[in-house]
Structure formats: C-alpha cells, structure tokens
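Below is one structure, written out as structure tokens, with a few remarks after it.
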There are 2 protein chains.
Amino acid sequence: MFSSTVENYLKAILVHGEGSGGEVMPMGALAEALDVSPGTVTTMVKALAGQGLLAHRPREGVKLTKAGRAAAAAVLRKHRLVETFLVTTLKMDWAGVHEEAEALEHAVSDRVLERIDELLGHPTVDPHGDPIPSAKGEMAGPGGASSSRLTLASCELKTQWSVARIRDQTPAFLNFIRDTGLKPGARVRVTRRDPAGGVVCCEVKGAGEAVIGLGEAGNIEVRK
Amino acid sequence: MFSSTVENYLKAILVHGEGSGGEVMPMGALAEALDVSPGTVTTMVKALAGQGLLAHRPREGVKLTKAGRAAAAAVLRKHRLVETFLVTTLKMDWAGVHEEAEALEHAVSDRVLERIDELLGHPTVDPHGDPIPSAKGEMAGPGGASSSRLTLASCELKTQWSVARIRDQTPAFLNFIRDTGLKPGARVRVTRRDPAGGVVCCEVKGAGEAVIGLGEAGNIEVRK
DNA sequence: AAATCAATTTTGATTGATCAAAATAATGTG
DNA sequence: CACATTATTTTGATCAATCAAAATTGATTT
C-alpha cells in the first residue's frame, strides 16, 4: 500500500505524538528522527499532505490526519508485535530486536501479522513495555489509563515499584537496562535521588544496586 | 547489502539454473521472470556485471559468477526457510506462503534467519519439496543426488511413488495440488497415462482419484 | 543473397527519494 | 528597531529503477 519510506514518516510522527500529547511535530524533529535532511522532509511532507495523510502547517510542523494516524498505527502495531515475536518465539536478545523489527515491519503482511498475534496470545504491550495498537488502530494513547508518566526520576522514594516501560530504544541504553536488570516487570526501589549531581540510586530486586543519570531515569516508567 | 531488486535478479537467475543445469539465462526469460521490460533487464544486467555478480554474454544471456551465486543462494535460503517457518510455525496456508516469503526474504536478517533455522531444526527442504541451500551456500543442485528428475509424467505405471517436490509455485497450481492431496509426502500410483490426450490419471492414497494434464504432471517430482 | 522475424540493446524520459546550498521567514538580543 | 540566530523552504542536481519506442543484431525463410 505505502512505501517503507512513507510508513516510516507516518510512524515517526505517531511515536512523537505518543511522547508529547499529539501536538504538531516540528519539521526539524522529523528530519532528525528519520535521519534525512530538512529539505527532504519538507518535500515529502508536502506530498503526504497532498495524499491526505497529514496536515502541514508551514513553518510550524506536521500533524497526522485520521487516515494518516490509522496507517501509522498499523505500522506501529506491526513493529511492536514483531518485536514481541522476536523475543518470545525466536528468543532473540531483548536489546537488539528494535533494529530487526525496523526492517520487518514493512514486509509483514496483515495475514502473517494476525498469525503472529494469535501465536503470542494477543499481547497488549511489547518487550519494552510500549503499548501495541489494536487491529482497529486504537492505542493506549498519551492520555490513556495505562500511561502513568511516573518514572524513576519522579516516583516516591523507598517504595517498591514495578518497571513498566523503557522509553528509549537505542541499543546502548537497552543494553544498560538489561545489565542492570531494570527490564519491564522488575521490582525496584529508589534509595536516593540527587538533582544537583543528576544521579538516581536504586535497588533492583534480584539484581542489586544501580546508579543512573537523572535524565535516563526519566525514560524508565514505573507503576504500582 | 544488496537492494531487494538486485536480490530478485540474482535469485531469478539461480532458480532458472536450478531447473536447467546452470546454462545461461536469456534476457527475455529474466524479463519474464521479473515482470519488467527487456530494456530494463539489459540495463540492470550491465550494472550487476560491473559489480562482478554476473557475466553478461551480449545477445546471449547471463550467468552468475561465484559471488553472484553465493548472494543468490543466501536469498533463496531465506525464501525457503521463511516458507517453511510460515507453514510449520505460523500454520499458514501451504498454497499462499510463496508470496509472503517473496516479501519477507529481503527483510529477514542473518541473525533472525539463524534463529528460525534453529527453531525448525535445520530443515533441508521447504514445504514444496524445494531444497534449502546451506548457510555456506551449498545447494542440492540439479546434478545432486536428491534431484530425481522423475515426475508423474515419466514414472513407472502402477507402482507406489512418493511425491517429492512441486515445481511450480503459482497459487492456482498449488491450490489444485492441495485439493487433490498431491502434496510432498503423499503416496501416489499412476493408473493411466495418455500422451495423445495429454492426461495422467492417478490414485492418491487417502484422497482418491486425480486427473491432471501431462504438462502439469511433469511439475510433480516423485521418488522411491 | 535478400527479406523477414524475434530477441536484444539503445535512447530518452519518468518517478520516488534523496542531498547540498541558497533563499526566506520568524524569533530573540542588544 | 536593526541585527543575528535558527528553522524552514526553495532550488537544482543526483541515483536507482523503471518504461516505451526506435535501432540493431542474428538467425530463419524464401
């Protein structure tokens, strides 16, 4: 239906919206996310706006239309179901599946995807804790009940929390998370937080102490 | 490494060679196989020859070089392992997996492929009976021991045979094969063969009688 | 040998996606 | 307000892959 390039544009805008309440995404941010030049984004955005997939506010940014959001959700669903599949069924390394899924999401047909969904038992979150859009394109969106916005940078000290989501798919960060045991599901207690020095110390059940930067802590969502 | 387009060119030449002893493939046949115009093939072939992937004999056709054959075998390995995976693990319809694999073969990384291979227990043939090239690119080639060249059009009458391979991946033919029960592994006995009328009658164990065209029968390899 | 035919190659053009560099607009600073 | 800074858009060009239509070549027929 759409080229991989188009799918990537749409997905990038949707994911950006996931983390920032659906506001317009500046052209520069899109260029950054897709690793192309700003001029390329302007050209492409105008074409996609012409197709009714997004609304272009010149010198401001872009926003998905209804049609664009639906298409983007379908891609994101593929991405996250594939990630889950790679970890659960193929037992691949948790930290590496993002890149693999990046390629597969454009090649997996709806029929294959439904078989994968079935095999996995209709999961609602992927291995990083990111919500998987439904087949109808519904997402546990930014305002949704599942999105706590509570992170290791903001949660109460000395209480037991459960890691819910890792909001940063860079391999280096994911490796770090794996090594400290802070994967989704892990039980954790923040023992000390030093805003001045920018560090957060915590105790991970079954995996000992961990010290992480304050900014990084803000990318680890917790719950309960 | 290579674009999907390049991979498709190489794969088409290798598959052609599989069925015709590695002779040069005429440009027209390649254009046909890839569903592009002859001029396009000439242009592309010259580029690939420049990359050392194939040898172009002008006005004659093309042949894979060592490097080209290795690359093509890798693609074919992906294709056939993916097909097997789709049938075995995802329980998809036998007749439809070829098209699915056509897209996935270009997106599956070596790492993912090795996990799939492992999961399936290192199979040597795919669901249609086609041999799966090894990771090193070795193939049970046209001269190989596994390639009987014996088909329902040429095997002895009234003997029990076992279907070994279906040499025609068009969905319509595969559907026909599924419906008559003539899938690889089926036990079959040719009861009558009429070259003049061009029909072959046979008895499929557990699935009754089947009448097929002589040409079609030549695409069903048998063994034992 | 001349004429015909089919396969192949050339030619000139198009499309999607990209870039670098120049032009433009908006925004903030003194 | 004028000037500098930053984001965005334009412009002109490139690359991979393709096409249609014309030209060429080799083989086949007459």
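Note: hydrogens, waters and symmetry copies are ignored here, and every other heavy atom, side chains too, is used. In the text below, chain A, chain B and the rest are named by the order of the sequence lines, each starting its count at 1.
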Check: Picking from dT9(D), dC19(D), dT18(C), which would you name as closest to the side chain of T42(A)?
Finding: dT9(D)
Check: Does R165(A) pair with E18(A) as a salt bridge, N-O distance under 4.0 Å?
Finding: yes
Item checked: d(CG, D35(B); P, dC19(D)) in whole Å -> 8 Å
Notebook entry, point to check: Between dC19(C) and S37(A), is there an OP1 or OP2 to side-chain N/O distance shorter than 4.0 Å?
Noted result: yes
Notebook entry, point to check: If only side-chain N and O atoms of T40(B) are considered, is one of them under 4.0 Å from the OP1 or OP2 phosphate oxygen of dC19(D)?
Noted result: yes
Checklist line | Which atom of P127(B) lies closest to which atom of E83(B), heavy atoms considered | finding: CG-O, 3.9 Å
Next item on the list: Before accepting this row, confirm whether a basic side-chain N of the pair R77(A)/E138(A) lies closer than 4.0 Å to the acidic partner's carboxylate O.
Entry: no
Item checked: Salt-bridge present (K78(B), D110(B); N to O < 4.0 Å) -> yes
Next item on the list: Return no unless some side-chain N or O of Y9(B) is found under 4.0 Å from OP1 or OP2 of dA16(D).
Entry: no
Notebook entry, point to check: In whole angstrom, what separates M27(B)'s CE from dA6(C)'s C1'?
Noted result: 15 Å
Note to self: On the nucleotide dT8(C), are OP1 or OP2 found under 4.0 Å from the side-chain N or O atoms that H56(B) carries?
What the structure shows: no
Next item on the list: Rounded to the nearest angstrom, tell me the gap between atom CZ in R57(B) and atom C1' in dG26(D).
Entry: 16 Å
Item checked: Interatomic distance where CZ belongs to F2(B) and P belongs to dC15(D) [whole Å] -> 20 Å
Note to self: Here's a test of your reading of the structure: between V41(B) and T43(A), which maps to the more 5' nucleotide of DNA chain C?
What the structure shows: V41(B)
Notebook entry, point to check: Any donor-acceptor pair under 3.5 Å between the side chain of R59(A) and the base of dT24(C)?
Noted result: yes
Notebook entry, point to check: Whole-Å distance between dA16(D) P and N8(B) CG?
Noted result: 17 Å
Checklist line | Per P58(B) side chain, nearest of listed nucleotides dT8(C), dT9(D), dT9(C) | finding: dT9(C)
Item checked: Below 4.0 Å: OP1/OP2 of dA17(C) and any side-chain N or O of S3(A) -> yes
Next item on the list: For T5(B), answer base if it contacts any base atom (sugar-phosphate contacts may also be present), sugar-phosphate if it contacts only those atoms, and nothing otherwise; contact means non-hydrogen atoms under 4.0 Å.
Entry: sugar-phosphate
Notebook entry, point to check: Can you tell me how far C1' of dA7(C) sits from CE of M25(B), to the nearest Å?
Noted result: 14 Å
Note to self: Need one value for G39(B): base, sugar-phosphate or nothing, where a base atom within 4.0 Å counts as base even if backbone is also close, heavy atoms only.
What the structure shows: base
Checklist line | Interatomic distance, H106(A) NE2 vs dA17(C) P [rounded to whole Å] | finding: 12 Å
Margin query: Please report the distance, rounded to the nearest Å, between NZ in K46(B) and C1' in dA17(D).
Written below: 15 Å
Next item on the list: Answer yes or no: is there an ion pair linking D93(A) with R178(A), defined by an N-O contact shorter than 4.0 Å?
Entry: yes
